[in-house]
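Residue numbering restarts at 1 for every chain, and letters A, B, ... go by the order of the sequence lines.
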Amino acid sequence: MVKTRIAPSPTGYPHVGTAYIGIFSYVWARKNGGKFIVRIEDTDQNRYVEGAEEGILRALKWLGLDYDEGPDVGGPNGPYRQSERLELYRHYAQELLDKGLAYRAFETPEELAAIREELQKKGLGYGYDGRARKIPREEAEARAAAGEPHVIRLKTPETGVTVVHDVLRGNIEFDNREIPDAVLLKSDGFPTYHLAVVVDDHLMEVSDVIRGEDWLVSTPIQKLLYQAFGWDEPKWYHLPLLRAPGGAKLSKRTGHTSIDYYRKAGYLPDALRNYLATMGFSMPDGREIFTMEEMIAAFSWDRVSLGGPVFDEEKLRWMNGKYIREVLNLEEVCERLKPFLEAAGLSWESDVYLCKVAEAMRPRFETLAEFVEKARYFFTEDYPFEPKAEKELKKGFEILRELKEVLAELPDLAPERTEPALVGYAEAKELKLRKVMQPLRAAITGTLATPGMYEMLEILGKERVLARIERALAHAEKLEGNA
RNA sequence: GGCCCCUUCGACUAGCGGUUAGGUCACCGCCCUUUCAAGGCGGCGGCACGGGUUCGAGUCCCGUAGGGGUCACCA
């Protein structure tokens, strides 16, 4: 059975890179009718951030990456938090010690730094020379028993090569002299990534390891560990890292990396998920808008490209807009809008009203937050006038006064009545339509970028429109006074 | 710097020996139009470079360059 996993560290906010890898892991598991699991890699006590795990799990669910096993849902191979599996790692480290495939090393951090510097000077690209291998076994055990702080390191072959087969890249050769005697168990008794990931992936029966390219060069260490234990290694897939505009790895400094940022900015989970999927994967027919199910159906590793994709928020915006105006239905859009209006302290008289506004605004906003910004005047009488709108108010002051009378005479502001009325007025006065529309638009919205006039008049209703014109007229007079 | 990976328009990508190198975002223009969008139509723009292999190379091989990653008791 194909079993994939995502293994985030609870060291901060949920990262888009985690979601990116998560999507591919999820899709591959689903494609094969397998399982997708989440494991929390919290073996670094120093970097642990309170609440980070919850944030990450919430973000994964928000994106629709539901997992079959995980810290909060359990599963047959738990616990799914590495900090709760320490005994396991100690056991397996001991096994390697017993087999003579690992050894205890007693260098202090300062000594290690000195060794590293020395090696660097010689032009060697790694940090430890394996000197503690020379300590006789009995002596090492005695020192350990006496409580001397130490780590356990993997005994790595000194000659030959280790060949890693990456499904996406083929065979990759590593000279064994380049593979360091990696620390497996730290002096605090916690495992390092290498030990923990191998033990857990084996015990949890992970068959396919899909992860970021930054893990590629540490794969030989893990492969050697599988060999030391006598276990079958999983299939390896290293996906390219998401890049920031300019080319560097996406980071806090170079762009928005928190999934929470995108949620709060009003991106739809489906749009983000869809966009992330296009970072490397493409549909056979070239479609860029597709559901998770469609991706699963069409997925194949030879449709995954290996160049590091630049994360372009501009295109994400476009895609989000596409979802708002074409993928979701109107009711869904209205529902999504509600929390954003509430957060802005705005209220709506009814769902029907909200939906009418949403319909009118639909082609005019790309994020939910943008809707609140641009449609504010539909939800409050206390909307501001932009400078450009004030100019229109002044220019069209007389027209506005007359327009108010024209509209006041109509029984209601249905398009069948407002259109002939406004067009008729313009013709009678021999005015271009826009000369009439712009002051009106400025008056009832405070801005010049709005939905169609007839649509707006109907939504707002006669009473509010007349009151708004009145208020705008007063506002314009005040402007004249100041000028 | 050593090692490893990667390389098609500004960005995301299609291409899997024979294509006028296609699509999407962005940008520009036109159409529509009461504003702003959306939409439609059109345009700009690319195979990093140099060697091979081949009748033929964006596609295969080698080198160079560039970019990225990694060299922790972090993951």
Side-chain angles (χ1 to χ4, degrees), chain A residues 7-9 11 41-44 46-47 82 105 107-109 112-113 116 119-120 122-128 149-153 164 166 168-169 172-175 177-180 182-188 190-194 196-197 212-220 238 240-241 243 245-249 275 278-289 302-303 305-312 314-319 321 325-326 361-366 374 388 392 419 422-423 426 432-438 440-442 445 447-454:
Chain A
S9 286
T11 55
E41 313 238 318
D42 55 347
T43 56
D44 186 348
N46 301 317
R47 293 211 305 160
Q82 291 186 328
E107 288 84 8
T108 63
L112 285 174
R116 203 172 303 132
L119 291 171
Q120 291 285 355
K122 285 193 211 160
L124 297 170
Y126 51 91
Y128 186 66
H150 66 283
V151 300
I152 295 176
R153 286 181 183 270
V164 169
D166 179 278
L168 303 177
R169 299 155 205 267
I172 302 165
E173 274 191 22
F174 294 89
D175 189 319
R177 285 170 302 188
E178 297 281 340
I179 305 172
V183 171
L184 302 178
L185 209 61
K186 303 183 243 183
S187 57
D188 63 2
F190 277 63
T192 59
Y193 174 81
H194 304 297
V197 79
E213 193 181 0
D214 47 349
W215 292 110
L216 188 55
V217 295
S218 72
T219 308
H238 292 90
L241 262 19
R243 308 282 187 86
K249 174 160 89 166
Y275 179 67
T278 64
M279 303 271 86
F281 172 76
S282 62
M283 288 295 258
D285 62 4
R287 244 181 326 155
E288 290 194 296
I289 306 294
D302 55 25
R303 297 213 59 81
S305 58
L306 299 179
V310 173
F311 189 99
D312 179 12
E314 195 66 44
K315 186 156 184 180
L316 204 212
R317 271 189 87 83
W318 165 79
M319 193 172 276
R325 73 185 97 91
E326 290 178 24
M361 288 297 296
R362 223 159 21 157
R364 297 178 173 80
F365 65 100
E366 294 186 307
K374 291 189 169 171
K388 278 183 182 171
E392 288 294 340
E419 178 163 7
L422 292 177
V423 171
K432 286 222 175 188
L433 231 207
R434 63 172 297 149
K435 289 279 182 198
V436 176
M437 292 295 202
Q438 290 299 70
L440 216 209
R441 190 185 313 281
T445 69
T447 170
L448 297 180
T450 77
M453 181 59 73
Y454 310 125

Q | A/Ser305 vs B/rU13: side-chain N/O to OP1/OP2 distance below 4.0 Å | A | yes
Q: Output yes when at least one side-chain N/O atom of A/Lys249 is less than 4.0 Å from OP1 or OP2 of B/rU70, else no.
A: yes
Q) If you measure from the C1' atom in B/rU59 to the same atom in B/rU19, how many Å do you get, rounded? A) 12 Å
**Q.** A/Leu216 backbone acceptor or donor facing A/Asp166 side chain under 3.5 Å
**A.** no
Q. If we call it a pair only when both distances are under 3.5 Å in a Watson-Crick or G-U wobble match, what pairs with B/rA57?
A. none
Q) Does A/Arg441 put a side-chain nitrogen or oxygen below 4.0 Å from OP1 or OP2 of B/rC36? A) no
Q: Using only heavy-atom distances, decide whether a donor-acceptor pair under 3.5 angstrom links the side-chain of A/Arg434 to the base of B/rU35.
A: no
(Q) Between B/rC5 and A/Arg169, counting only base atoms on the nucleotide and side-chain atoms on the residue, is there a donor-acceptor pair under 3.5 Å? (A) no
Q: Check every atom of B/rU34, B/rA37, B/rA75 against the side chain of A/Ser9 and return the nucleotide holding the closest atom.
A: B/rA75
Q: Tell me which nucleotide among B/rU34, B/rC73, B/rU35 gets nearest to the side chain of A/Leu448.
A: B/rU35
**Q.** Selected nucleotide, minimal atom distance to A/Pro309 side chain, candidates B/rU13, B/rG69, B/rA75
**A.** B/rU13
Q. In terms of side-chain heavy atoms of A/Lys186, which of B/rU34, B/rC74, B/rA37 is nearest?
A. B/rC74
Q) If only side-chain N and O atoms of A/Arg303 are considered, is one of them under 4.0 Å from the OP1 or OP2 phosphate oxygen of B/rA14? A) no
**Q.** Side-chain N or O of A/Ser282 closer than 4.0 Å to phosphate OP1/OP2 of B/rA14
**A.** yes
Q | Who pairs with B/rU64 - Watson-Crick or G-U, where each distance is under 3.5 Å | A | B/rA48
Which atom pairs link the protein and nucleotides 21-25 of chain B when you take only N or O atoms and keep those under 3.5 Å?
from, atom 1, to, atom 2, distance (Å)
B/rU24, O4', A/Glu288, OE1, 3.2
B/rU24, O2', A/Glu288, OE1, 2.3
B/rU24, O2, A/Lys315, NZ, 2.7

Q | CA sep, side-chain torsions, deciding dist, call: A/Asp44, A/Arg47, salt bridge (charged side-chain N to carboxylate O under 4.0 Å, His left out) | A | CA-CA 6 Å; A/Asp44 186 348; A/Arg47 293 211 305 160; 3.7 Å; yes
(Q) Of the options B/rA38, B/rC36, B/rC3, whose atoms approach the side-chain atoms of A/Ala449 most closely? (A) B/rC36
Q | Under 4.0 angstrom between A/Arg243 side-chain N/O and B/rC5 OP1 or OP2 | A | no
Q: For the side chain of A/Glu178, starting at C-beta, report the closest nucleotide among B/rG2, B/rG39, B/rU34.
A: B/rG2
(Q) For A/Ala449, is there any backbone N or O sitting under 3.5 Å from a side-chain donor or acceptor partner on A/Lys374? (A) no
Q) Of the nucleotides B/rU35, B/rC5, B/rC73, which has the atom closest to the A/Pro109 side chain? A) B/rC73
Q) Taking the side chain of A/Glu213 as its heavy atoms from C-beta onward, which of B/rU13, B/rA72, B/rC5 lies nearest to it? A) B/rC5
(Q) For a quick check, tell me whether the side chain of A/Thr278 and the base of B/rC12 share a donor-acceptor pair closer than 3.5 Å. (A) no
**Q.** Candidate nucleotides B/rC73, B/rA14, B/rG69, ranked by approach to the side chain of A/Leu241 - the nearest
**A.** B/rG69
Q. Does the pair A/Glu213 and A/Arg169 meet the rule for a salt bridge (charged side-chain N to carboxylate O under 4.0 Å, His left out), with working shown?
A. CA-CA 11 Å; A/Glu213 193 181 0; A/Arg169 299 155 205 267; 3.5 Å; yes
Q: State, to 0.1 Å, how close A/Leu306 and A/Pro240 come at their nearest heavy-atom pair, and which atoms those are.
A: O-CB, 3.5 Å
Q | Phosphate-side-chain proximity, A/Arg317 and B/rA26, N/O vs OP1/OP2 below 4.0 Å | A | no
Q. Under 3.5 Å, side chain of A/Tyr193 to main-chain N/O of A/Thr43, donor-acceptor pair present?
A. no
Q. So which nucleotide from B/rC73, B/rC16, B/rC12 ends up closest to the side chain of A/Asp302?
A. B/rC16
**Q.** A/Thr192 side chain to A/Val183 backbone, donor-acceptor under 3.5 Å
**A.** yes
Q: Would you mind building the protein contact string for nucleotides 58-63 of chain B? One character per nucleotide, 5' to 3', B for base within reach (heavy atoms under 4.0 Å), S for sugar-phosphate only, - for untouched.
A: ------
Q.
For A/Val310 and A/Met437, find the nucleotide of RNA chain B closest to each by heavy atoms; which residue's nucleotide sits nearer the 5' end?
A. A/Val310
Q. Where each residue is assigned the nucleotide of RNA chain B containing its nearest heavy atom, which of A/Ile172 and A/Gln438 is assigned the position nearer the 5′ end?
A. A/Ile172
Q) A/Ser305 side chain to A/Gly307 main-chain N or O, any donor-acceptor pair under 3.5 Å? A) no
